[in-house]
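Counting begins at 1 with the first residue of the sequence.
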Amino acid sequence: VKEICVANWDTNGDGELSMSEAAAVTSLDKVFEGNKEIVSFDELQYFIQLESIKSEEFSDCDLLSSVVLPNNIKTIGQSAFFASNINSIEIPASVDSITDAAFNNCDNLDRIVVAEGNVVYDSRNNCNGIIETATNTLVAGCKNTVIPEGVIAIGVNAFRNSLLTSILIPQSVISIGEDAFYNCKVMTTVVVFNSTPIDLPANSFNSNKAKATLYVPVGSKSAY
């Protein structure tokens, strides 16, 4: 990480990246995309003028297990961390836009937390997921996500390519987005706790490698 940072943002040429040099960076310009060597980038928190993690900026970073986002970050783009090795991520209070599939195919991701004070997203009830507060839509989950009662929609690509093994869809859910559970290759059980129809695109649970068993309450009118 230091080599990349010095090569791109060491403005005084001393071979180091100072706090002030990090603070002056406004774009990562995808210099980390596809890197197969970086393991940790907790120092990203010092890039305090960085407002966006753009599409695919840390995608396919196979060994990257730890990142601390700066507290002023506002947007996280599509597939920003796709197929990286991160195991935990905290979404700062400043974030107001997360594009779908931002954390897809992150096999080791088991903890997602939205910081207190975020007015757009939350992780209510320690759900290990990202919920858009105003719409009660779960927009991103991981293998340990528990969907809280009160969530009414599961967003597009919310669990795509995750290592989720089972999920309980609570009674409050009335809509499941396209490819929400696409290619969850180790998922074996989906429990649908709902006695009313759910808006369900045909490919919500599409998988090329495994098919989940759907359990629906007796007497349910579910679209399944």
Measuring from atom [atom1] of [X] to atom [atom2] of [Y], what distance do you get when rounded to the nearest 0.5 angstrom?
X: Ile48; Y: Ser20; atom1: CD1; atom2: OG; value: 10.0 Å
X: Tyr121; Y: Thr137; atom1: OH; atom2: OG1; value: 10.0 Å
X: Lys143; Y: Asn128; atom1: NZ; atom2: CG; value: 11.0 Å
X: Ile131; Y: Ile112; atom1: CD1; atom2: CD1; value: 10.5 Å
X: Asn35; Y: Asp60; atom1: CG; atom2: CG; value: 11.0 Å
X: Phe82; Y: Ser55; atom1: CZ; atom2: OG; value: 11.0 Å

Look at the side chain of [X] and the backbone N and O of [Y], then say whether any donor-acceptor pair between them is shorter than 3.5 Å.
X: Asn125; Y: Cys127; value: no
X: Asn118; Y: Val114; value: no
X: Ser59; Y: Phe81; value: no
X: Asp122; Y: Arg124; value: yes

State, with a plain yes or no, whether a side-chain heavy atom of [X] is found less than 4.5 Å away from one of [Y].
X: Leu138; Y: Thr145; result: yes
X: Cys5; Y: Phe32; result: yes
X: Lys185; Y: Asp107; result: yes
X: Trp9; Y: Leu28; result: yes

Original post:
Does Glu16 have any salt bridge (charged side-chain N to carboxylate O under 4.0 Å, His left out) partners at least two apart in sequence or in another chain, and if so, which?
Top reply: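 If we apply the salt bridge (charged side-chain N to carboxylate O under 4.0 Å, His left out) test to Glu16, skipping adjacent residues, the hits are Lys2.
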**OP:** Go through the structure and list residues passing salt bridge (charged side-chain N to carboxylate O under 4.0 Å, His left out) with Arg111, not counting sequence neighbours.
**Re:**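 Residues passing salt bridge (charged side-chain N to carboxylate O under 4.0 Å, His left out) with Arg111: none at all.
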For the student: nearest non-hydrogen atoms of [X] and [Y], plus distance:
X: Ile154; Y: Ile147; answer: CD1-CD1, 3.6 Å
X: Gln49; Y: Ala24; answer: NE2-CA, 3.9 Å
X: Thr75; Y: Ser52; answer: OG1-OG, 2.8 Å
X: Ser172; Y: Gly150; answer: OG-N, 2.8 Å
X: Ser123; Y: Gly129; answer: OG-O, 2.7 Å
X: Glu57; Y: Lys30; answer: OE2-N, 3.3 Å

Subject >> Evaluation steps, side chain to side chain contact (heavy atoms under 4.5 Å, CB included), between Glu33 and Phe58 >> reply: CA-CA 5 Å; Glu33 182 183 359; Phe58 289 100; over 6 Å; no
Mind checking whether [X] and [Y] sit in one hydrophobic cluster, side chains of I, L, V, M, F, W, Y counted as touching below 4.5 Å?
X: Val31; Y: Phe47; value: yes
X: Ile86; Y: Val113; value: no
X: Leu109; Y: Ile53; value: yes
X: Ile176; Y: Val139; value: no
X: Phe103; Y: Val120; value: yes

Subject >> Remaining members of hydrophobic cluster (4.5 Å side-chain criterion), Met19 >> reply: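 Besides Met19, the hydrophobic cluster comprises Tyr46, listed by chain and residue number.
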**OP:** Give the C-alpha distance, both sets of side-chain angles, the deciding distance and a yes or no for side chain to side chain donor-acceptor pair (under 3.5 Å) between Glu21 and Thr11.
**Re:** CA-CA 7 Å; Glu21 287 170 331; Thr11 55; 3.2 Å; yes
**OP:** For the pair Glu56 and Gln78, evaluate side chain to side chain contact (heavy atoms under 4.5 Å, CB included) and give the outcome as yes or no after the intermediate values.
**Re:** CA-CA 7 Å; Glu56 301 180 350; Gln78 187 169 32; over 6 Å; no
Subject >> CA sep, side-chain torsions, deciding dist, call: Asn87, Asp110, side chain to side chain donor-acceptor pair (under 3.5 Å) >> reply: CA-CA 6 Å; Asn87 51 48; Asp110 57 19; over 6 Å; no
Sequence neighbours left out, cut at 3.5 Å: what donor-acceptor pairs do the side chains of residues 89-99 make with other protein atoms?
from	atom 1	to	atom 2	distance (Å)
Ser94	OG	Asn71	O	2.7
Ser94	OG	Ile73	N	3.2
Ser94	OG	Ile73	O	2.5

Would you tabulate the side-chain donor-acceptor contacts of residues 160-167 under 3.5 Å, counting partners in other chains and residues two or more places apart, or write 'none'?
from	atom 1	to	atom 2	distance (Å)
Arg160	NH1	Asn157	OD1	3.3
Arg160	NH1	Asp179	OD2	3.1
Asn161	OD1	Asn183	ND2	3.1
Ser162	OG	Phe159	O	3.2
Ser162	OG	Leu164	N	3.3

List the atom pairs, donor and acceptor, that lie under 3.5 Å between side-chain atoms in residues 61-70 and the rest of the protein, sequence neighbours left out.
from	atom 1	to	atom 2	distance (Å)
Asp62	OD1	Lys36	NZ	3.3
Asp62	OD2	Lys36	NZ	3.3
Ser65	OG	Val39	O	3.4
Ser66	OG	Asp42	OD1	2.6
Ser66	OG	Asp42	OD2	3.4

